[in-house]
Structures are given as C-alpha cells and as structure tokens.
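Structure record follows, encoded as structure tokens.
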2 protein chains.
Amino acid sequence: MNKVKQKRLEAKGWRVGTASTFLGLSPEEASLVEMKVNLGQALRARREAHGLSQLALAKRLRSSQSRVAKMEAADRTVSIDLLLRGLVMLGARPRDIARVLGRGTGAAA
Amino acid sequence: MNKVKQKRLEAKGWRVGTASTFLGLSPEEASLVEMKVNLGQALRARREAHGLSQLALAKRLRSSQSRVAKMEAADRTVSIDLLLRGLVMLGARPRDIARVLGRGTGAAA
DNA sequence: CCACTATATGTCATTAGTGACATAATCGCA
DNA sequence: TGCGATTATGTCACTAATGACATATAGTGG
C-alpha cells in the first residue's frame with residue numbers, strides 16, 4: 001500500500017496503516033474500501049486532467065463541491081455508485097474503470 | 001449486446017433492445033446500466049458455482065432472497081455497492097470484479 | 001394431483017446516501 | 001500582509017436503497 005493512499009485512509013479514520021491495524025476490518029470490507037479509495041483517486045486524476053475544479057465537476061454532476069471532495073477522499077458517506085457516476089461523467093468507460101479497480105494494493109498478494 | 005442480457009434488461013423495463021430504443025438513456029446511463037447488468041450476471045454465476053440458493057446467499061449477506069433476486073436482475077432499486085458486497089462475499093477479488101466490468105457489450109466499440 | 005424448493009415481483013418501514021449550506025483550511029499571487 | 005479561488009469537514013432535511021414480508025411463478029418428485 002502506498003503512502004498517499006494510507007494517509008488518506010487514516011485521515012478519514014479508516015484505521016488502516018500501522019501494522020496492528022486492519023483489526024476489526026474484515027478482508028471483504030478491506031477489499032471494498034480499497035476499491036473505493038482507488039476510485040476516489042481516479043476521479044481526482046480525471047477531474048484534474050480535465051482542468052476542472054471540484055465545484056465545476058459538482059455542477060456537471062448536479063451535486064455540490066463538498067460531496068465531490070468527499071468522493072475523492074473516499075468518505076464513508078459516499079457510495080461506489082456515486083463514484084462511478086462521477087467517473088463516467090468524466091468520460092471513463094467500463095474498461096477504464098476496470099483498470100482502476102484492478103490496481104492492487106497488495107492486500108492478498 | 002447478447003440475447004440474454006437484452007432479455008434481462010427488457011424484462012425489467014430498461015427499454016434497451018430494439019433499435020429505436022436507448023432513447024432517453026444517455027451514454028453515461030447506458031454505461032452504468034451495462035456495468036450493473038454485468039455485475040448481476042457475475043453474481044449469479046458465482047452463487048451457482050458455489051452451489052448456493054438465493055436464500056442461502058441472502059443469509060450470508062444478512063439480506064433477503066428477494067433482494068438477491070433483484071441484484072441478479074440488476075433491478076433499479078439495487079445499488080452497485082450491494083452487488084459488489086455480494087461478489088466480494090463470494091470470494092471475488094477486485095481484479096475479478098475488474099474483469100467483469102470490462103466485459104464489453106460493444107457500447108463504444 | 002399435491003408438496004416442496006427455488007426464483008421472481010410488489011410493497012413498505014427503516015436506514016443509509018445525497019445535495020446543500022456553513023465554515024475552515026490551504027494555496028498562490030499581488 | 002490580505003484577497004480570491006480551491007479544497008476540506010461538519011451538519012441536516014430530503015431522497016433513495018435496503019431488508020423483510022407476502023405472494024406469484026416455475027420446476028421436481030412423489
């Protein structure tokens with residue numbers, strides 16, 4: 001797991017980083033969180049590649065800046081559905097999304 | 001788009017199949033529906049591979065038989081989050097899910 | 001035919017996700 | 001330094017998703 005991702009998780013209280021953690025987080029839950037974080041990062045990357053602010057993207061999504069921020073941060077209150085909608089709105093096709101999901105953090109490996 | 005998938009979509013009123021349709025369904029929405037249908041099919045395949053009934057899977061998911069049926073049918077009322085939870089619960093890893101999402105129906109191609 | 005099992009479909013109360021807003025950091029840039 | 005733009009975080013009313021239940025529709029074996 002890379003530094004950036006870990007920091008992001010810890011910041012949101014996912015309790016991921018330091019060795020003893022992952023306690024209380026089943027492998028299944030970990031998989032889902034991992035996917036969500038990857039999608040959040042991909043969303044940010046795409047948004048920036050499009051030269052859009054969070055506010056600008058929010059308008060396209062008929063959402064709000066704060067929610068976009070939470071999407072990129074993989075906040076507990078954002079669904080994967082919403083992340084996918086955001087990515088698709090930024091031109092991501094299913095195969096692009098597939099590539100993002102596949103990005104291993106080395107969980108099982 | 002293959003026959004089975006199309007039948008499934010039409011049955012649920014997604015109005016997909018016959019040439020003139022896809023009207024009122026934006027490319028973005030189509031992408032999302034397509035992914036959802038693929039996930040539903042994958043869920044059924046995995047469940048059957050595990051020799052589980054919908055009811056048995058429902059118990060593992062702490063859900064109900066009816067909801068599992070709706071998941072596999074890609075019902076409008078089921079979220080992609082729920083589908084992913086189901087798949088992960090059946091042992092699918094992110095890379096497995098990625099493969100499912102990537103299955104093109106020829107939308108953009 | 002009936003009994004049993006599995007799946008499909010509709011409805012509804014409870015819960016979780018959402019958009020919107022306020023506010024606080026953060027980051028140039030003059 | 002302050003100012004404008006961008007991003008982060010907390011809260012809340014409203015909406016959509018969920019589990020549960022009832023019921024319907026196959027299919028299977030007596």
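Per chain, numbering begins at 1; letters A, B, ... match sequence-line order.
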Next item on the list: Please identify each residue that fulfils side-chain contact (heavy atoms from CB on, under 4.5 Å) with A:Q54, with sequence neighbours left out.
Entry: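 side-chain contact (heavy atoms from CB on, under 4.5 Å) check on A:Q54 returns A:R44, A:R47, A:Q65, A:V68, A:A69, A:E72.
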Check: Who passes side-chain contact (heavy atoms from CB on, under 4.5 Å) against B:A45, sequence neighbours left out?
Finding: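 Listed in chain order: nothing, the list is empty.
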Item checked: Atom pair CG/OG of A:L84 and B:S79 - distance to nearest 0.5 Å ->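 Reported value, rounded in 0.5 Å steps: 10.5 Å.
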Notebook entry, point to check: How many angstroms lie between atom NZ of A:K70 and atom OG of A:S63, to the nearest 0.5 angstrom?
Noted result: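 Output value for this atom pair is 9.5 Å.
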Next item on the list: On DNA chain D, check which nucleotide each of B:V78 and A:A69 is closest to and give me the residue with the more 5' one.
Entry: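 It is A:A69 whose nearest nucleotide is closer to the 5' end.
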Taking side chain as C-beta onward, heavy atoms only, is [X] less than 4.5 Å from [Y]?
X     : Y     : answer
A:V88 : A:I97 : yes
B:L32 : B:M35 : yes
B:R67 : B:T77 : yes

Report yes if a side-chain nitrogen or oxygen of [X] is closer than 4.0 Å to either non-bridging phosphate oxygen (OP1 or OP2) of [N]; otherwise report no.
X     : N      : value
A:T77 : C:dG17 : no
B:R47 : C:dT7  : yes
A:R44 : D:dT7  : no
A:S63 : C:dG19 : yes
A:S79 : C:dT18 : yes

Calculate the interatomic distance between [X] atom [atom1] and [N] atom [atom2]; express it in whole Å.
X     : N      : atom1 : atom2 : answer
B:L43 : C:dT7  : CG    : C1'   : 14 Å
A:R76 : C:dG17 : CZ    : P     : 11 Å
A:L83 : C:dA16 : CG    : P     : 19 Å
A:M71 : C:dG17 : CE    : C1'   : 12 Å
A:D81 : C:dT18 : CG    : C1'   : 12 Å
A:L82 : D:dT15 : CG    : C1'   : 14 Å
B:L61 : D:dA17 : CG    : P     : 18 Å
B:R62 : C:dA16 : CZ    : P     : 14 Å

Notebook entry, point to check: Which pair of non-hydrogen atoms, one from A:R46 and one from A:G91, has the smallest distance, and what is that distance?
Noted result: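 Closest heavy-atom pair between A:R46 and A:G91: NH1-C, 3.7 Å.
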Under 3.5 Å, N/O pairs linking protein and nucleotides 21-24 of chain D:
{"from": "D:dC21", "atom 1": "N4", "to": "B:S66", "atom 2": "OG", "distance (Å)": "2.5"}

Checklist line | DNA chain D contacts made by residues 49-59 of chain A, counting heavy atoms under 4.0 Å | finding: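 By residue number: A:S53, A:Q54.
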Checklist line | Sequence-distant partners of A:S64, side-chain hydrogen bond (donor to acceptor under 3.5 Å, both in side chains), two or more places apart | finding: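 A:S64 satisfies side-chain hydrogen bond (donor to acceptor under 3.5 Å, both in side chains) with A:S66 only.
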Notebook entry, point to check: Is B:V68 touching bases, backbone alone, or none of the nucleic acid, heavy atoms closer than 4.0 Å?
Noted result: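 No contact.
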Next item on the list: Sequence neighbours left out, what pairs pass salt bridge (charged side-chain N to carboxylate O under 4.0 Å, His left out) with at least one residue falling in residues 52-62 of chain A?
Entry: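 Sorted result for residues 52-62 of chain A: empty, none.
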